[in-house]
Q: 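Pasting a structure below so you can have a look.
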Amino acid sequence: MTKKVAVVAIGGNSLIKDPKHQTVEDQYQAAKETTYHIADLIEAGWDVAIGHGNGPQVGFTLRRSEIAAKVEGLHEVPLEVCGADTQGAIGYALQQNLQNELRRRGIKKSVATVVTQVAVDPNDKAFQEPSKPIGSFMDEAEAKRRQQEMGWIVQEDAGRGWRRVVASPLPQEVVELEVVQTLLNAGMVVITVGGGGIPVIRKPDGDLQGIAAVIDKDYASSLLARLIKADLFLISTAVEKVALNYGKPNQKWLDRLTLAEAKQYLAEGTHFAKGSMAPKIQAIIWYLEAGGKQAIITNPENIGRALKGETGTWIVP
Ligand code: ADP
Ligand code: MG
């Protein structure tokens, strides 16, 4: 049997189910549920690379760092290091849960988390208009001081105070690609490009350097799926299917979309919300345009049924 490789991008609901369940223990339980469904995929014979989000977790780490600095004068944690910290912590939760589930099922397979850097283009136009708010609210004086002393870009946020904003450039290169590919070739499960990857740039002399930015996790997972020529790109999120006219009276759930239809509906601009569903559809479009074979959007509990063609939204060339 030729091995088939799936890239599974898991969304925020795989770690935080609702605002009342955000503790580390809660996140571990949520990860457990999702990894159970990923184990189904593995049991069905797929080799799997898992990408995941980290937005709220980076937010918690940053705020902890800011509060500790304010109260005790402890050093702060730079944004890209928050990315590395959360890749490790989230990777740990996913990896241990998946190891436990695979062992229960008698499946002999190793699971590894790779701290993964993703290179972006320093000339990406996103850097001209940073738009992603990061960290705690500040008063104007502190915002201006941070701008002066640390080169932060700060913005007033609709009367609620000041916040730091960073760019969200497109992912260009998965730095640890060879590591990920080697682990997959050896039949191991890999957790990688967490939170879209730690954003880095390649300096003119070739050295890598961390940079304060955030990368969309669906875009980074799409890049990975293209680079490893994945046979399936599965995006697990909070909805069972994708809808046209989402949230409107004429909403229509979709079972199947072609690449051409996906491009058309995305271009219409009214169906897929910016910052949530639109980037997922775009991520899948890029994957299919690069020769990808099939993509599915569904929620964790329906991964198994979706694979059998019973639910989810399938997007095909
Ligand atoms: P994730 O953490 O998985 O990336 P997001 O909140 O970013 O989750 O995106 C998934 C959400 O997108 C869904 O829970 C749903 O509320 C929203 N959404 C926006 N447009 C659509 C659509 N057309 N069809 C289905 N869901 C949509
Ligand atoms: Mg999202």
Side-chain angles (χ1 to χ4, degrees), residues 7-19 21-22 26-27 30-31 33-35 37-38 50-60 83 86-87 90 93-94 118 126 131-134 166 168-171 191 193-197 199 213-225 233-258 261-287 295-303 306 311-315:
V7 169
V8 182
I10 62 181
N13 68 322
S14 288
L15 293 164
I16 296 177
K17 307 208 95 171
D18 60 74
H21 296 91
Q22 297 193 334
D26 287 333
Q27 293 187 46
E33 283 179 38
T34 293
T35 50
H37 302 295
I38 294 175
I50 303 170
H52 61 81
N54 71 348
Q57 292 77 15
V58 163
F60 298 145
T86 58
Q87 279 189 352
I90 295 170
L94 293 170
V118 169
S131 60
K132 286 267 175 192
I134 284 290
V166 298
S168 184
L170 290 179
I191 299 156
V193 296
V214 293
I215 301 173
D216 182 279
K217 70 116 181 6
D218 295 311
Y219 290 173
S221 300
S222 167
L223 176 63
L224 179 71
F233 181 26
L234 177 77
I235 299 186
S236 167
T237 185
V239 283
E240 183 174 341
K241 292 182 187 182
V242 179
L244 292 182
N245 302 303
Y246 182 69
K248 300 188 186 117
N250 57 342
Q251 167 176 292
K252 182 172 172 268
W253 297 109
L254 298 167
D255 296 321
R256 194 173 174 280
L257 266 180
T258 63
E261 288 166 339
K263 287 168 85 167
Q264 187 204 317
Y265 292 136
L266 182 64
E268 285 175 17
T270 54
H271 302 289
F272 314 128
K274 304 245 176 316
S276 60
M277 188 52 71
K280 297 184 196 306
I281 301 293
Q282 181 63 69
I284 287 174
I285 289 171
W286 284 330
Y287 164 72
I296 304 174
I297 297 179
T298 194
N299 51 8
E301 51 270 44
N302 282 298
I303 289 176
T311 189
T313 300
W314 283 72
I315 308 171

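For the numbers below, each heavy atom of this structure counts, side chains included, while hydrogens, waters and symmetry mates do not. All ligand and atom numbering here is 1-based and tracks the order in the structure.
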Q: Strictly distance-based, threshold 3.5 Å: is any side-chain N or O of Ser168 a donor or acceptor partner for the main-chain N or O of Val214?
A: yes
Q: Is there a donor-acceptor pair closer than 3.5 Å between any side-chain N or O of Ser222 and the backbone N or O of Asp218?
A: no
Q: Could you tell me which residues satisfy side-chain contact (heavy atoms from CB on, under 4.5 Å) with Gln57, sequence neighbours excluded, listed by chain and number?
A: Leu15, Ile16, Gln27, Asn54, Thr86, Ile90
Q: Show me the side-chain donor-acceptor pairs of residues 236-249 shorter than 3.5 Å, one per line, residues at least two apart or across chains.
A:
from, atom 1, to, atom 2, distance (Å)
Glu240, OE2, Thr311, OG1, 2.5
Lys241, NZ, Asp255, OD1, 2.6
Lys248, NZ, Thr270, O, 3.0

Q: Checking Lys132 now: which residues fulfil salt bridge (charged side-chain N to carboxylate O under 4.0 Å, His left out) with it, not counting sequence neighbours?
A: none
Q: For ligand 1, run through the N/O pairs with the protein that fall under 3.5 Å and put one pair on each line.
A:
from, atom 1, to, atom 2, distance (Å)
ligand 1, 2 (O), Gly12, N, 2.7
ligand 1, 3 (O), Thr237, OG1, 2.6
ligand 1, 3 (O), Lys280, NZ, 3.3
ligand 1, 4 (O), Lys217, NZ, 2.8
ligand 1, 4 (O), Lys280, NZ, 2.5
ligand 1, 8 (O), Thr237, OG1, 3.3
ligand 1, 12 (O), Ser276, OG, 3.4
ligand 1, 16 (O), Tyr246, OH, 2.9
ligand 1, 20 (N), Ala273, N, 3.3
ligand 1, 23 (N), Ala243, O, 2.7
ligand 1, 23 (N), His271, O, 2.8
ligand 1, 24 (N), Ala243, N, 2.9

Q: Are the side chain of Trp314 and the backbone N or O of Ala306 linked by a donor-acceptor pair below 3.5 Å?
A: yes
